[in-house]
**Q** 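One structure, as C-alpha cells, below. Some questions next.
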Amino acid sequence: MPNTYRASLSLTMKSLLVGATATIAALAIALPAAAEDFPSRPLNMVVGFGTGGSADRLARIMSGPLSEEIGVPIQVTNRPGAGTQVASNYVLNVPDDGYTVYASTFAPYLTNSILIGGAEFSVDDFSYINFQWFDLDIIAANKDSGYEDLPSLLEAIREEKGQVRGAVVQGSAGHLMVRLLLDEAGIPQENLNLVTYNSGGEARSAVAGGQVDFVSISAQGSEGIREFLTPLAIVSDERIDQWDAQPINEALAPMDIEVPILQGSMRGFAVTSEMERQHPERFEKLSSAIQSALARKDVQEQLESNEMGGIWVGPERSNELMRENYQVFEQYAHLLN
C-alpha cells in the first residue's frame, strides 16, 4: 500500500475518531445541562378552588418556600368550578413540561368529579407528588340556629320540609355525608335545602353569616369561624382535641342509626402522569423541592400557626391513597347523582 494512501487513511480515521469523541462529549455535557436548566422560567400553581378555601391557603403558603427551593417564582392561579373539574381539565390540557403544578384537595373532589361529575379523565391521569394535609369533617350549626345536637337537626329536616338550609362544598366528603345521614335516617333528600359551594371559604362564610343553618365541611380549616358555630359531630370513630364534638355514630345513637366513617380530605400537589413519564428528572426535582420545603423549620412553624398539615408521604404512598379513596367513594357515589 502506498505511503500516501496509508497516511490519508490514517488521517481520515483520526478525524472520525476526533469527531465522534467531540460529539459524545457534547452530548454528555448537553444532557445534564438540559435537566439542570429546569425550571428556567416561573411555575404556574393551579388551585382547584376559589380564594379563601383550605386548598387555596395551602397553595399560597407553600408557594413561597417552594419557590425558594426550586429557584424560580411561582404564580398561584385559581380555577374553581364543577368540583375541581375545571382545574383538572386545564392542567391536563397544558403542555406536560413540569411548569404547571396542580394544588388541590384531591380526595374526595377529584374522585367525585369522575364518579358523579362525568369527567372524562381518571385518577391515573395524574401523578400525585405529595399529600401533606389530611383532615376530618365536622358537622356544625350556626350558633343562633337553635340546633344543639345532630338528632334535633335531622328531625327538623324531617318535619320542616325545605326550611332547613345546609352548606357543603360540591362533591366533598361532607356533601356525601349529609346525603348518607338523610338516607340512613329515612328522610327524603328533597326535604333539605342544601346549598353547594365551590370552595370551603364560601361555605364557611355562609354558615358564619347565618345564610344557612349548618355546614358539613373540613374541621381543620374551620377554626377561624369557631365562635359562630355549635359543633354537632365529628366524622371520626373517636373524639379529637380540637373540637368539643361527639364522634358521629355516638351522636346518632339516640336515633339508633349508624353511618360509615368516610375518609376526609387529602390536600397536596400533583402533575399529570404524562409529565412524569416524559420528564422523570423534572418530576424528581419538583418532588425534592417540596420535600425540602417541608423539612424546613420555618415552613413547619408557618403551617402549624395556620393549623395546616405539613407531612411528607411521597409520591408512591400518595398515589396509593388516591386509588384507595376512589374505591371507597365508588360504593356510595349514587347518593350524589
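Note that the structure is predicted; figures quoted are calculated from it, not measured.
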**Q** Determine yes or no for a side-chain-to-main-chain donor-acceptor pair under 3.5 angstrom, with Gln132 supplying the side chain and Gly309 the backbone.
**A**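 Side chain of Gln132 to backbone of Gly309: a pair is present.
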**Q** Not counting sequence neighbours, which residues clear salt bridge (charged side-chain N to carboxylate O under 4.0 Å, His left out) with Glu155? List them please.
**A**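 In terms of salt bridge (charged side-chain N to carboxylate O under 4.0 Å, His left out), with neighbours along the sequence ignored, Glu155 is linked to Arg158.
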**Q** Identify, with sequence neighbours excluded, every residue that meets side-chain contact (heavy atoms from CB on, under 4.5 Å) alongside Asn191.
**A**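 Applying side-chain contact (heavy atoms from CB on, under 4.5 Å) to Asn191 gives Ile157, Lys161, Ile187, Pro188.
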**Q** Salt bridge check, Asp124 against Arg323: does any charged N sit closer than 4.0 Å to a carboxylate O?
**A**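 Between Asp124 and Arg323 there is a salt bridge, with a charged N closer than 4.0 Å to a carboxylate O.
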**Q** Do any pairs count as a salt bridge (Lys or Arg N to Asp or Glu O under 4.0 Å) and have a residue in residues 181-194, sequence neighbours left out, and if so which ones?
**A**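 Sorted result for residues 181-194: empty, none.
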**Q** I'd like to know if Arg41 and Asp97 make a salt bridge, using a cut-off of under 4.0 Å between side-chain N and carboxylate O.
**A**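 Salt bridge: yes.
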**Q** Between the side chains of Ser127 and Glu276, is a donor N or O closer than 3.5 angstrom to an acceptor N or O?
**A**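 Note: Ser127 and Glu276 side chains meet the donor-acceptor criterion.
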**Q** For Asp149, which residues count as a side-chain contact (heavy atoms from CB on, under 4.5 Å) partner, sequence neighbours excluded?
**A**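 With neighbours one apart ignored, the set is Pro151, Ser152.
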**Q** Ignoring hydrogens and geometry beyond distance, is a side-chain donor-acceptor pair present between Ser288 and Glu284 at under 3.5 Å?
**A**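 There is such a pair (donor and acceptor under 3.5 Å, judged by atom type) between the side chains of Ser288 and Glu284.
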**Q** With sequence neighbours left out, what residues match Asp298 under salt bridge (charged side-chain N to carboxylate O under 4.0 Å, His left out)?
**A**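 Scan of Asp298 (salt bridge (charged side-chain N to carboxylate O under 4.0 Å, His left out), adjacent residues dropped) gives Arg296.
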**Q** Among all residues two or more places apart in sequence or in another chain, which pass the side-chain contact (heavy atoms from CB on, under 4.5 Å) test with Ser318?
**A**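 Per chain and number, Ser318 pairs via side-chain contact (heavy atoms from CB on, under 4.5 Å) with Tyr128, Asn130, Phe131, Val313.
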**Q** For Ser265, run the side chain to side chain contact (heavy atoms under 4.5 Å, CB included) check against Thr105, Val169, Leu136, Ile217 and tell me which one passes.
**A**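 The residue from Thr105, Val169, Leu136, Ile217 that satisfies side chain to side chain contact (heavy atoms under 4.5 Å, CB included) with Ser265 turns out to be Thr105.
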**Q** Partners of Phe134 by ring-ring contact (aromatic ring centres under 6.0 Å, His included), sequence neighbours excluded?
**A**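 ring-ring contact (aromatic ring centres under 6.0 Å, His included) check on Phe134 returns nothing, list empty.
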**Q** Strictly by ring-ring contact (aromatic ring centres under 6.0 Å, His included), give each pair with a member in residues 49-84 just once, sequence neighbours left out.
**A**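 Qualifying pairs, neighbours excluded: Phe49-Tyr109.
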**Q** Answer with yes or no whether the side chains of Asp56 and Thr51 bring together a donor and an acceptor at under 3.5 Å.
**A**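 Per modelled atom types, Thr51 and Asp56 side chains form no pair under 3.5 Å.
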**Q** Does the side chain of Asn325 come under 3.5 Å of the side chain of Thr111 through a donor N or O and an acceptor N or O?
**A**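 A pair is found: one side chain offers a donor N or O, the other an acceptor, under 3.5 Å apart.
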**Q** Test of understanding: with salt bridge (charged side-chain N to carboxylate O under 4.0 Å, His left out), list the residues that count as partners of Arg267, not counting sequence neighbours.
**A**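 Result, salt bridge (charged side-chain N to carboxylate O under 4.0 Å, His left out) vs Arg267: Asp135.
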**Q** Side chains of Phe38 and Val72: closer than 4.5 Å at any heavy-atom pair?
**A**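 In short, these two side chains do not touch, never coming nearer than 4.5 Å.
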**Q** Answer yes or no for Arg226 and Trp243: cation-pi contact, defined as NZ/CZ to six-membered ring centre under 6.0 Å and angle to ring axis within 45°.
**A**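 Yes - Arg226 lies over the ring of Trp243, closer than 6.0 Å to its centre and within 45° of its axis.
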**Q** Name all residues meeting the salt bridge (charged side-chain N to carboxylate O under 4.0 Å, His left out) criterion together with Asp241; count only those two or more places apart in sequence or in a different chain, and write none if there are none.
**A**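 Asp241 satisfies salt bridge (charged side-chain N to carboxylate O under 4.0 Å, His left out) with no other residue.
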**Q** Taking atom types as modelled, find out whether Gln278 and Glu274 have a side-chain donor-acceptor pair closer than 3.5 angstrom.
**A**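 Note: Gln278 and Glu274 side chains meet the donor-acceptor criterion.
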**Q** Could I get the full list of side-chain contact (heavy atoms from CB on, under 4.5 Å) partners for Ser145, not counting sequence neighbours?
**A**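 side-chain contact (heavy atoms from CB on, under 4.5 Å) check on Ser145 returns Ala141, Asn142, Tyr147, Asp213.
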**Q** By ring-ring contact (aromatic ring centres under 6.0 Å, His included), which residues pair with Tyr197, not counting sequence neighbours?
**A**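 So Tyr197 forms no ring-ring contact (aromatic ring centres under 6.0 Å, His included) with any residue.
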**Q** Can you check whether Gly174's main-chain N or O pairs, donor with acceptor, with Ser216's side chain at less than 3.5 Å?
**A**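 Yes; at least one donor-acceptor contact below 3.5 Å.
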**Q** I'd like to know if Glu148 pairs up with Lys143 as an ion pair, taking the criterion as any Lys NZ or Arg NE/NH1/NH2 lying under 4.0 Å from an Asp or Glu carboxylate oxygen.
**A**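 No, this pair does not count.
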